[in-house]
Amino acid sequence: GEDVEQSLFLSVREGDSSVINCTYTDSSSTYLYWYKQEPGAGLQLLTYIFSNMDMKQDQRLTVLLNKKDKHLSLRIADTQTGDSAIYFCAEAPMDTGRRALTFGSGTRLQVQP
Amino acid sequence: GAGVSQSPSNKVTEKGKDVELRCDPISGHTALYWYRQSLGQGLEFLIYFQGNSAPDKSGLPSDRFSAERTGGSVSTLTIQRTQQEDSAVYLCASSHRVNTDTQYFGPGTRLTVL
(Lines give C-alpha, C1' and ligand atoms only; values in the text may rest on other atoms or scores of the structure.)
Protein backbone atom coordinates (compact mmCIF):
# COMPACT_ATOMS: atom_id res chain seq x y z
CA GLY A 1 0.00 0.00 0.00
CA GLU A 2 0.89 3.63 -0.19
CA ASP A 3 2.86 5.37 2.51
CA VAL A 4 3.78 9.03 2.78
CA GLU A 5 6.26 10.35 5.33
CA GLN A 6 7.13 13.86 6.47
CA SER A 7 9.21 15.42 9.20
CA LEU A 8 7.03 16.73 12.01
CA PHE A 9 8.36 20.21 12.69
CA LEU A 10 10.24 23.07 11.03
CA SER A 11 11.12 26.46 12.47
CA VAL A 12 12.39 29.35 10.35
CA ARG A 13 12.85 33.09 10.71
CA GLU A 14 10.65 35.52 8.83
CA GLY A 15 12.12 36.31 5.42
CA ASP A 16 14.07 33.06 5.17
CA SER A 17 13.17 30.21 2.83
CA SER A 18 11.39 27.14 4.19
CA VAL A 19 11.85 23.68 2.74
CA ILE A 20 9.40 20.96 3.72
CA ASN A 21 10.25 17.42 2.65
CA CYS A 22 8.14 14.37 1.90
CA THR A 23 8.81 10.82 0.75
CA TYR A 24 6.29 8.46 -0.80
CA THR A 25 6.31 4.81 -1.73
CA ASP A 26 3.78 4.31 -4.52
CA SER A 27 5.55 3.37 -7.72
CA SER A 28 2.69 4.00 -10.16
CA SER A 29 2.10 7.31 -11.84
CA THR A 30 0.48 9.65 -9.41
CA TYR A 31 -0.41 13.19 -8.59
CA LEU A 32 1.33 14.66 -5.57
CA TYR A 33 -0.23 17.47 -3.59
CA TRP A 34 0.64 20.01 -0.94
CA TYR A 35 -2.12 21.20 1.38
CA LYS A 36 -1.96 23.83 4.13
CA GLN A 37 -4.01 23.66 7.32
CA GLU A 38 -4.31 26.60 9.67
CA PRO A 39 -5.60 26.12 13.23
CA GLY A 40 -9.27 25.18 13.30
CA ALA A 41 -9.56 25.24 9.52
CA GLY A 42 -9.89 22.69 6.74
CA LEU A 43 -7.26 21.84 4.16
CA GLN A 44 -6.31 24.48 1.62
CA LEU A 45 -4.82 23.24 -1.64
CA LEU A 46 -1.49 24.98 -2.28
CA THR A 47 -0.17 23.25 -5.37
CA TYR A 48 0.20 19.89 -7.05
CA ILE A 49 2.57 18.15 -9.45
CA PHE A 50 2.25 15.14 -11.68
CA SER A 51 4.91 12.51 -11.26
CA ASN A 52 6.32 12.98 -14.79
CA MET A 53 7.38 16.52 -13.88
CA ASP A 54 10.54 17.59 -12.06
CA MET A 55 9.60 21.02 -10.87
CA LYS A 56 6.68 23.40 -10.60
CA GLN A 57 6.81 27.02 -9.51
CA ASP A 58 3.87 29.12 -8.40
CA GLN A 59 4.74 32.55 -7.00
CA ARG A 60 6.59 31.96 -3.70
CA LEU A 61 6.11 28.19 -3.90
CA THR A 62 8.46 25.79 -5.65
CA VAL A 63 7.82 22.06 -5.77
CA LEU A 64 10.72 19.75 -6.59
CA LEU A 65 10.24 16.07 -7.39
CA ASN A 66 12.97 13.42 -7.40
CA LYS A 67 11.24 10.42 -8.95
CA LYS A 68 14.17 8.08 -8.46
CA ASP A 69 14.21 8.64 -4.71
CA LYS A 70 10.44 9.27 -4.50
CA HIS A 71 11.20 12.52 -2.71
CA LEU A 72 9.05 15.64 -2.90
CA SER A 73 9.83 19.05 -1.44
CA LEU A 74 7.97 22.31 -1.02
CA ARG A 75 10.03 25.47 -0.87
CA ILE A 76 8.42 28.66 0.40
CA ALA A 77 10.44 31.75 -0.48
CA ASP A 78 10.45 34.82 1.80
CA THR A 79 8.49 33.00 4.52
CA GLN A 80 6.00 35.17 6.39
CA THR A 81 4.34 34.73 9.79
CA GLY A 82 1.09 34.02 7.93
CA ASP A 83 2.73 30.91 6.51
CA SER A 84 2.73 29.33 9.98
CA ALA A 85 0.54 26.26 9.63
CA ILE A 86 0.66 22.49 9.16
CA TYR A 87 1.64 21.39 5.66
CA PHE A 88 0.48 18.02 4.35
CA CYS A 89 1.95 16.09 1.49
CA ALA A 90 -0.49 13.70 -0.22
CA GLU A 91 -0.53 11.33 -3.16
CA ALA A 92 -3.33 9.98 -5.34
CA PRO A 93 -2.35 6.87 -7.31
CA MET A 94 -3.59 6.92 -10.91
CA ASP A 95 -3.92 3.18 -11.20
CA THR A 96 -6.77 3.07 -8.75
CA GLY A 97 -10.21 4.23 -9.64
CA ARG A 98 -10.67 5.57 -6.18
CA ARG A 99 -8.32 8.55 -6.29
CA ALA A 100 -8.51 8.80 -2.52
CA LEU A 101 -5.61 10.71 -1.07
CA THR A 102 -2.97 9.19 1.18
CA PHE A 103 -1.60 11.86 3.48
CA GLY A 104 1.61 12.28 5.37
CA SER A 105 1.48 13.12 9.05
CA GLY A 106 1.96 16.81 8.36
CA THR A 107 4.84 19.22 9.03
CA ARG A 108 4.20 22.04 11.46
CA LEU A 109 5.93 25.19 10.18
CA GLN A 110 6.65 27.84 12.78
CA VAL A 111 7.78 31.23 11.50
CA GLN A 112 9.65 33.36 14.01
CA PRO A 113 9.23 37.15 13.58
CA GLY B 1 -17.97 30.48 -6.34
CA ALA B 2 -18.95 28.67 -3.15
CA GLY B 3 -16.62 26.05 -1.80
CA VAL B 4 -17.38 22.82 0.01
CA SER B 5 -19.54 23.41 3.06
CA GLN B 6 -20.08 21.17 6.05
CA SER B 7 -22.47 21.22 8.97
CA PRO B 8 -22.47 21.36 11.86
CA SER B 9 -19.03 22.87 12.47
CA ASN B 10 -18.96 21.35 15.94
CA LYS B 11 -20.90 18.47 17.42
CA VAL B 12 -20.76 17.21 21.00
CA THR B 13 -22.61 13.99 21.72
CA GLU B 14 -22.83 11.34 24.37
CA LYS B 15 -21.41 7.88 23.93
CA GLY B 16 -23.96 5.57 22.35
CA LYS B 17 -25.89 8.27 20.47
CA ASP B 18 -26.13 8.44 16.68
CA VAL B 19 -24.85 11.47 14.77
CA GLU B 20 -25.27 12.77 11.23
CA LEU B 21 -22.74 14.99 9.51
CA ARG B 22 -23.57 16.82 6.29
CA CYS B 23 -21.49 17.84 3.31
CA ASP B 24 -22.44 20.11 0.39
CA PRO B 25 -19.88 19.70 -2.40
CA ILE B 26 -18.90 22.31 -4.96
CA SER B 27 -21.60 22.59 -7.60
CA GLY B 28 -20.84 20.38 -10.60
CA HIS B 29 -18.33 18.18 -8.81
CA THR B 30 -19.19 14.52 -9.34
CA ALA B 31 -16.77 12.98 -6.85
CA LEU B 32 -17.16 13.33 -3.09
CA TYR B 33 -14.90 12.04 -0.36
CA TRP B 34 -15.03 11.73 3.42
CA TYR B 35 -11.87 11.74 5.52
CA ARG B 36 -11.25 11.66 9.24
CA GLN B 37 -8.51 13.58 11.04
CA SER B 38 -7.61 12.43 14.52
CA LEU B 39 -4.60 12.91 16.75
CA GLY B 40 -3.57 9.30 16.79
CA GLN B 41 -4.27 8.36 13.17
CA GLY B 42 -3.67 11.50 11.12
CA LEU B 43 -5.79 11.94 8.00
CA GLU B 44 -7.61 8.77 6.91
CA PHE B 45 -9.80 8.11 3.90
CA LEU B 46 -13.28 6.84 4.81
CA ILE B 47 -15.52 6.64 1.73
CA TYR B 48 -15.71 7.87 -1.87
CA PHE B 49 -18.67 8.56 -4.16
CA GLN B 50 -18.31 8.99 -7.93
CA GLY B 51 -21.40 9.89 -9.91
CA ASN B 52 -23.93 7.05 -9.88
CA SER B 53 -21.37 4.33 -9.25
CA ALA B 54 -21.41 2.25 -6.09
CA PRO B 55 -19.43 4.02 -3.37
CA ASP B 56 -16.00 2.82 -2.30
CA LYS B 57 -16.48 2.09 1.40
CA SER B 58 -13.11 0.47 1.94
CA GLY B 59 -11.96 3.06 4.47
CA LEU B 60 -14.90 2.88 6.86
CA PRO B 61 -13.53 1.70 10.22
CA SER B 62 -16.60 -0.27 11.34
CA ASP B 63 -20.17 -1.09 10.40
CA ARG B 64 -21.32 1.71 12.71
CA PHE B 65 -20.24 4.12 9.96
CA SER B 66 -22.31 4.66 6.84
CA ALA B 67 -22.77 7.37 4.25
CA GLU B 68 -25.13 8.24 1.48
CA ARG B 69 -25.22 10.74 -1.28
CA THR B 70 -28.63 11.80 -2.50
CA GLY B 71 -29.20 13.13 -5.99
CA GLY B 72 -25.50 13.11 -6.70
CA SER B 73 -24.94 16.17 -4.54
CA VAL B 74 -25.33 16.43 -0.75
CA SER B 75 -23.83 13.66 1.37
CA THR B 76 -24.54 12.56 4.93
CA LEU B 77 -22.10 10.58 7.06
CA THR B 78 -23.85 8.70 9.86
CA ILE B 79 -22.14 7.24 12.90
CA GLN B 80 -24.29 4.95 14.99
CA ARG B 81 -23.72 4.19 18.67
CA THR B 82 -20.83 6.63 18.87
CA GLN B 83 -17.74 5.73 20.86
CA GLN B 84 -15.10 8.01 22.36
CA GLU B 85 -12.58 6.89 19.75
CA ASP B 86 -14.87 8.38 17.08
CA SER B 87 -13.91 11.85 18.32
CA ALA B 88 -12.15 13.55 15.42
CA VAL B 89 -12.54 16.15 12.73
CA TYR B 90 -14.51 14.79 9.78
CA LEU B 91 -13.52 16.39 6.50
CA CYS B 92 -15.40 16.30 3.23
CA ALA B 93 -13.84 16.97 -0.17
CA SER B 94 -15.12 17.11 -3.73
CA SER B 95 -13.49 16.99 -7.14
CA HIS B 96 -14.57 17.51 -10.71
CA ARG B 97 -13.36 14.06 -11.77
CA VAL B 98 -12.53 15.14 -15.30
CA ASN B 99 -9.35 17.20 -15.27
CA THR B 100 -6.81 16.96 -12.50
CA ASP B 101 -9.22 15.47 -9.97
CA THR B 102 -7.86 17.94 -7.45
CA GLN B 103 -9.80 17.60 -4.23
CA TYR B 104 -11.12 20.69 -2.51
CA PHE B 105 -11.86 20.39 1.18
CA GLY B 106 -14.55 21.78 3.41
CA PRO B 107 -13.82 23.26 6.87
CA GLY B 108 -14.69 20.01 8.64
CA THR B 109 -16.97 18.97 11.49
CA ARG B 110 -15.33 18.55 14.88
CA LEU B 111 -17.02 15.64 16.64
CA THR B 112 -16.54 15.16 20.38
CA VAL B 113 -17.97 12.04 22.00
CA LEU B 114 -18.22 12.32 25.77
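Bear in mind the structure is a predicted one, so any value in this text is a computation, not a measurement. Labels below follow one simple rule: chain letters A, B, ... track the order of the sequence lines, proteins then strands, and each chain is numbered from 1. Computed from heavy atoms alone, side chains included, the values below leave out hydrogens, waters and symmetry copies.
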Exam field: side chain B:Y35 to backbone A:L101, donor-acceptor pair closer than 3.5 Å: yes
Is it true that atom CG of B:L39 has more than 12 heavy atoms of other residues, nucleotides or ligands lying nearer than 6.0 Å? no
Do you know which of B:G42, B:A93, B:P107, B:S53 has the most heavy-atom pairs with chain A at a distance under 4.5 angstrom? B:P107
Is it the case that more than 12 heavy atoms not belonging to A:K67 sit under 6.0 Å from its NZ atom? yes
Would you say B:V4 and B:L46 are hydrophobically clustered, going by side-chain heavy atoms of ILVMFWY under 4.5 Å? no
Interface moiety of A:L45 toward chain B, non-hydrogen atoms closer than 4.5 Å: side chain
Do B:L21 and B:I26 belong to the same hydrophobic cluster, where Ile, Leu, Val, Met, Phe, Trp and Tyr are linked whenever their side-chain heavy atoms lie under 4.5 Å apart, directly or via other members? no
Under 4.5 Å between side-chain heavy atoms, counting indirect links through other Ile/Leu/Val/Met/Phe/Trp/Tyr residues: same cluster for A:V111 and A:V19 or not? no
Give a yes or no on whether A:D58 atom CG has more than 12 heavy-atom contacts from other residues, nucleotides or ligands under 6.0 Å away. yes
Spell out, yes or no, whether A:L61 and A:F88 are grouped together once hydrophobic residues are joined by side-chain heavy atoms under 4.5 Å, including indirect joins. yes
Can you list the residues of residues 74-83 of chain B that sit under 4.5 Å from chain A, counting heavy atoms only? none
Ring center gap for B:F45 and A:F103 short of 6.0 angstrom: no
Report, one line per pair, each donor and acceptor closer than 3.5 Å where one atom sits in a side chain of residues 35-42 of chain A; sequence neighbours left out.
| unit_1 | atom_1 | unit_2 | atom_2 | d |
| --- | --- | --- | --- | --- |
| A:Y35 | OH | B:Q103 | O | 2.6 |
| A:K36 | NZ | A:G82 | O | 3.1 |
| A:Q37 | OE1 | B:Q37 | NE2 | 2.9 |
| A:Q37 | NE2 | A:A41 | O | 3.0 |
| A:Q37 | NE2 | B:Q37 | OE1 | 2.9 |

Taking the side chain as everything from C-beta on, heavy atoms only, tell me whether A:T102 gets closer than 4.5 Å to B:L43. no
